Amino acid sequence: MNNRYHSNWIKLVIGLLSLGIAQSVLFKGLITPVVTQTEVSISIIVVGIVLFMVGTLIILPMTLQFYRNYKRDKRLIKVSLLYILGSLSFGIVIGMLGECLYHFSDLTYQEVKNGMWLMTNISQSGLRMGVVFCLMCIYRKQSIKKYIKSILPMLSILSGLSSIPQIISLWKFPLNPVVFSVVDITLLLMFLYYLNHQTDKEITNDII
């Protein structure tokens with residue numbers, strides 16, 4: 001692993017963790033009822049804003065650089081469209097399933113809501129890892145079709161692991177939303193590292 005790659009990897013880790021924690025702080029309710037003092041609440045919000053700015057300043061230039069380098073690869077547009085369509089499709093299917101379960105089963109509203117939340121998190125985690133895999137193939141100038149079958153087991157395992165904090169939160173005791181973000185991003189980074197290790201074994205010039 002050369003110095004440049006090592007530096008980019010560290011920046012990616014810091015950037016994604018900063019954005020994930022900031023999202024939890026600002027949008028997912030890190031400020032629980034336990035935090036009632038205005039001064040403490042403001043301090044936490046300020047920390048969230050700072051982390052969001054740090055993450056954005058790190059990730060945005062890397063994203064723009066990646067786009068400039070690989071914008072001619074037609075697969076980049078395909079991956080982006082598939083992610084959007086996948087997110088919409090999962091949202092519609094999970095929403096319809098939730099409606100059916102609520103109206104035609106004995107499950108309570110809260111139980112259906114919890115199940116939909118869990119399925120949404122698992123599906124989004126899988127989609128994000130799928131996008132990371134495709135972007136890695138574009139970066140390596142490798143065929144997506146050639147490697148997709150070999151990474152499906154790892155993708156499935158990590159997507160399943162991402163649901164553990166949600167299950168614990170629903171079953172045993174509520175976890176702080178920041179835990180979900182840290183676990184999700186950590187698993188995503190593990191998957192990226194795994195992909196890099198796998199593709200290091202065999203560099204090809206196949207392009208879809």
Side-chain angles (χ1 to χ4, degrees), residues 1-28 30 45-91 120-148 151 154-155 158-159 162 177-178 180-200 203-208:
M1 184 181 292
N2 56 47
N3 291 333
R4 182 179 178 184
Y5 179 84
H6 185 68
S7 174
N8 287 336
W9 176 256
I10 292 175
K11 287 194 293 185
L12 182 65
V13 171
I14 294 173
L16 288 178
L17 285 175
S18 297
L19 285 176
I21 295 173
Q23 183 183 19
S24 296
V25 171
L26 297 174
F27 306 115
K28 291 187 178 180
L30 176 62
I45 293 173
V46 169
V47 170
I49 293 173
V50 171
L51 287 173
F52 179 79
M53 292 175 63
V54 169
T56 301
L57 289 173
I58 293 174
I59 297 299
L60 186 59
M62 297 179 72
T63 303
L64 293 175
Q65 183 64 41
F66 184 89
Y67 175 75
R68 282 194 294 266
N69 291 341
Y70 301 97
K71 62 182 178 181
R72 293 184 179 180
D73 192 323
K74 295 180 180 179
R75 295 179 298 174
L76 193 58
I77 296 177
K78 291 180 182 178
V79 170
S80 302
L81 290 175
L82 285 174
Y83 176 73
I84 294 172
L85 290 174
S87 296
L88 290 174
S89 299
F90 275 120
T120 299
N121 277 282
I122 294 174
S123 64
Q124 287 300 316
S125 178
L127 280 173
R128 283 193 293 271
M129 291 183 188
V131 169
V132 165
F133 161 71
C134 293
L135 293 179
M136 175 63 79
C137 288
I138 292 173
Y139 173 72
R140 292 285 195 175
K141 293 183 172 62
Q142 293 178 314
S143 170
I144 294 174
K145 291 179 180 178
K146 179 176 180 179
Y147 291 98
I148 185 67
I151 62 96
M154 179 59 70
L155 191 150
L158 292 179
S159 296
S162 69
V178 75
F180 302 144
S181 292
V182 171
V183 170
D184 195 42
I185 293 169
T186 300
L187 290 172
L188 187 64
L189 290 168
M190 287 172 58
F191 186 61
L192 181 58
Y193 188 84
Y194 167 80
L195 289 177
N196 185 66
H197 176 71
Q198 288 296 103
T199 52
D200 268 340
I203 304 294
T204 69
N205 292 319
D206 298 331
I207 299 178
I208 294 176

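Sequence positions, counted from 1, serve as the residue numbers for this chain. No experiment lies behind these values; they were computed from the predicted model shown.
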- Message: Run the side-chain hydrogen bond (donor to acceptor under 3.5 Å, both in side chains) test against Arg68 and tell me which residues pass, sequence neighbours left out.
- Response: Gln65

- Euclidean distance, Phe133 CZ relative to Ile148 CD1, rounded to 0.5 Å: 4.5 Å

- Keeping to residues at least two apart or across chains, list the salt bridge (charged side-chain N to carboxylate O under 4.0 Å, His left out) pairs with something in residues 185-195. none

- All heavy atoms of Ser18 vs all of Leu51, minimum pair found to be CB-O, 3.4 Å

- Message: Would you say that Met129 contacts Leu187 through its side chain, given a criterion of any heavy-atom pair below 4.5 Å between the two side chains?
- Response: yes

- Message: Test of understanding: with side chain to side chain contact (heavy atoms under 4.5 Å, CB included), list the residues that count as partners of Ile138, not counting sequence neighbours.
- Response: Phe66, Tyr70, Asp73, Arg75, Leu76, Val79, Leu135

- Task: Looking only at non-hydrogen atoms, find the nearest pair between Cys137 and Ser143 and report the distance.
- Result: SG-O, 4.1 Å

- Item | Student check: side-chain heavy atoms of Asn69 and Tyr139 closer than 4.5 Å | no

- Query: Can you list every pair that meets salt bridge (charged side-chain N to carboxylate O under 4.0 Å, His left out) and has a residue in residues 181-196, with sequence neighbours left out?
  - Reply: Arg128-Asp184

- Would you give the length of the straight line joining atom CG of Leu85 to atom CG of Leu127, rounded to the nearest 0.5 angstrom? 10.5 Å

- Task: Supply the atom-to-atom distance Leu188 CG to Leu17 CG, rounded to the nearest 0.5 angstrom.
- Result: 10.0 Å

Using atom types as modelled, flag every donor-acceptor pair under 3.5 Å from a side chain in residues 56-64 to any protein atom, sequence neighbours excluded.
unit_1, atom_1, unit_2, atom_2, d
Thr56, OG1, Phe52, O, 2.8
Thr63, OG1, Ile59, O, 2.9

- Message: Please determine whether the number of non-hydrogen atoms from other residues, nucleotides or ligands lying under 6.0 Å from atom CD1 of Ile77 exceeds 12.
- Response: no

- Message: Nearest 0.5 angstrom please: Met136 CE to Ile151 CD1, how far?
- Response: 11.5 Å

- Query: Side chains of Ile84 and Leu88: closer than 4.5 Å at any heavy-atom pair?
  - Reply: yes

- Query: Taking only residues two or more places apart in sequence or in another chain, which ones pass side chain to side chain contact (heavy atoms under 4.5 Å, CB included) with Val50?
  - Reply: Val46, Val54

- Query: Phe191 and Met154: which non-hydrogen atoms are nearest, and at how many Å?
  - Reply: CD1-CG, 4.0 Å

- ring-ring contact (aromatic ring centres under 6.0 Å, His included) partners of Tyr83, counting only residues at least two apart: none

- With sequence neighbours left out, write down each residue that passes side chain to side chain contact (heavy atoms under 4.5 Å, CB included) with Met53, or none if nothing qualifies. Ile49

